[in-house]
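Data block below; observations after.
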Number of protein chains: 2
Amino acid sequence: MQESIVTQNTAGQSMLNDDVALLDRIRDLVLGGDYTPGTALSEVKLAEYFEVSRTPVREALKQLQIEGLVEIRPKVGTFVREITRREILEMFEVKETLEGMAARLMARRGHIPELDALRANVEASELAVQRDDSAAYASLVHDFHETIVAGSDNRKLAEHYRTLMNQLAYHRLVLRSVQHPGRLAASTAEHRRVLELIAQKDGVGAELAMKDHVWSSAREVMMDSVPRQD
Amino acid sequence: MQESIVTQNTAGQSMLNDDVALLDRIRDLVLGGDYTPGTALSEVKLAEYFEVSRTPVREALKQLQIEGLVEIRPKVGTFVREITRREILEMFEVKETLEGMAARLMARRGHIPELDALRANVEASELAVQRDDSAAYASLVHDFHETIVAGSDNRKLAEHYRTLMNQLAYHRLVLRSVQHPGRLAASTAEHRRVLELIAQKDGVGAELAMKDHVWSSAREVMMDSVPRQD
DNA sequence: CGATGCTCTCTTGCATGGTAGAAACTCTAT
DNA sequence: ATAGAGTTTCTACCATGCAAGAGAGCATCG
């Protein structure tokens, strides 16, 4: 079972990036979605595919277990974990809180470079909505949230946020839900609202607006991207 | 340099707990405070002390690096990281947000076993204050916060919280600041306030009260336990 | 005396062999 | 046919050997 480790499309680009951390490459493999939950991830197979020994593969898998993406059953094997609907809901709750916090912290900082970046981002998003360019939009959404987290100027918050997003495989979820025509415009309006509240240094308002926004998009994503699996 | 790996007191109890994860044992060593920041943690020395090979030690150190407790400089060595005052402040900001979230989530759950545990905890704390028993109090403070996080019924939140507390070495910090006579009574009053708001299912109120409380204790801890080091 | 280059020793990084345990498979007996 | 015990084969796990880089110390040269 499970003859080839990876699909052809990723094999094409795996020629020159050898300094990229093995951990990230294996994580992308797991998040890539080619594996259904329960699939075995053999140390040996992965080592052969990535042309390294079992030791670094093992270290990476151990980390992925801590991140919650795989499950290592001692002396049995390593398997792609099933992420339950409940877990995704919990992650969105944490996401809502962390991003709300980030908006609040950024608002109290006054005029900083990230604010200009945010304004540029929202304006680009509005253009993307007009052109109905959902690919560009998905990328801009990602940047919007990253910019606010960076603008919070709290590195620990940023670390927790990054960990969370890795577990959520958020980008993949968004790509599917962003297709909804109505949601695109609504989401952008919410972005602008958050931006304006931050610009007005209204920390509490920005936090609430951000939480509302996260929750709206969570609802949207949970609707059609996350199957009822338990 | 650094002749003995561990102090005598821990050596006494290290006889029967062999199934305890090596990661936790090394983390306790680092958090134990016997090492000043910058101290080298040799894989070989640790392996000899714990009577295992370098491989599991290496895996544990890699995880501690991700947790932010040590710094691995490739081909040079592994060193106890210096945690800056700024970092501690950032961690308290995240702590404030996460615990506020936990209180809010717990409040909306209604009558659950954790609520009774919380009430018992606060009453025990009030007794401990009367008896001026700061050792018992420190333990109860820990349980109070753990109970609220558990009561939030959000496992992802609990995971992030645990990670954060590991980095903060919070217990050590509290043990020092709890000596302040005035703070003990004030802190307990804040605990009761949070409890009552949760019992009344006032999620927003509980969140705000919790955040206030975390911030007050953070101020206290930062005052005398955290030296200005940068 | 100072600066520069070399060597030697220390570290982590990686590869690999052997071990123990879990699960699946087969063969046997009922 | 089915249940059970033995065996085989897979897995993660750990120990260890080797390699490569970083840095300290020393010698040598200006």
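Quick note on labels: first sequence line is chain A, next is B, and so on, each numbered from 1. Hydrogens, waters and symmetry mates play no part in the numbers below; they use all other heavy atoms, side chains included.
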Quiz item: Hey, is the main chain of A/Gly151 close enough, under 3.5 Å, to the side chain of A/Arg109 for a donor-acceptor pair?
Solution: yes
Practice problem: Nearest-nucleotide wise, let me know which of B/Pro56 and A/Leu61 is further upstream toward the 5' end of DNA chain D. | Solution: A/Leu61
Quiz item: Quick one: A/Arg54 CZ to C/dG13 C1', roughly how many Å, whole number?
Solution: 16 Å
Practice problem: Quickly work out the B/Glu71 CD to C/dT12 P distance and round it to whole Å. | Solution: 13 Å
Self-check item: Nearest-neighbour nucleotide for the B/Thr55 side chain, C/dG17, D/dT16, C/dG13 considered
Solution: D/dT16
Exercise. In whole angstrom, give the distance that lies between atom CG of A/Leu64 and atom C1' of D/dA12.
Key: 16 Å
Practice problem: For B/Val44, report the nucleic acid contact type (base, sugar-phosphate, nothing); a contact means any heavy atom under 4.0 Å. | Solution: nothing
Practice problem: Kindly indicate, with the supporting measurements, whether the criterion side-chain contact (heavy atoms from CB on, under 4.5 Å) is fulfilled by B/Met101 and A/Val94. | Solution: CA-CA 8 Å; B/Met101 170 186 176; A/Val94 176; 3.9 Å; yes
Quiz item: Applying the side chain to side chain contact (heavy atoms under 4.5 Å, CB included) test to B/Leu29, which of B/Leu46, B/Val80, B/Asp34, B/Leu64 qualifies?
Solution: B/Leu46
Quiz item: Does the side chain of B/Tyr161 come under 3.5 Å of the side chain of B/Glu99 through a donor N or O and an acceptor N or O?
Solution: yes
Quiz prompt | Residues from residues 73-81 of chain A lying under 4.0 Å of DNA chain D - heavy atoms | solution = A/Pro74, A/Lys75, A/Val76, A/Gly77, A/Thr78
Quiz item: Under the 3.5 angstrom rule, does the side chain of A/Arg104 hit a backbone N or O of A/Glu207 as a donor-acceptor pair?
Solution: no
Exercise. Could you check how far CD of B/Glu59 sits from C1' of C/dC14, rounded to whole Å?
Key: 13 Å
Practice problem: Measure from CD on B/Glu43 to C1' on C/dC14 and round the result to the nearest Å. | Solution: 11 Å
Quiz item: To the nearest angstrom, how far is A/Leu41 atom CG from D/dC10 atom P?
Solution: 18 Å
Quiz item: Reckon A/Arg58 has a side-chain N or O less than 4.0 Å from the OP1 or OP2 of D/dC14?
Solution: yes
Practice problem: Could you check A/Arg86, A/Glu90, A/Glu87 and say which one makes a side chain to side chain contact (heavy atoms under 4.5 Å, CB included) with B/Asn154? | Solution: A/Glu90
Quiz item: Residues two or more places apart in sequence or in another chain: which of them pass ring-ring contact (aromatic ring centres under 6.0 Å, His included) with A/His160?
Solution: B/His160
Quiz prompt | For atom CD of B/Glu48 and atom P of D/dA15, their distance in whole Å | solution = 13 Å
Quiz item: So, is B/Ser53 near the phosphate of D/dA15, with a side-chain N or O under 4.0 Å from OP1 or OP2?
Solution: yes
Exercise. Send over the distance from A/Glu51 CD to C/dA15 P, rounded to a whole Å.
Key: 11 Å
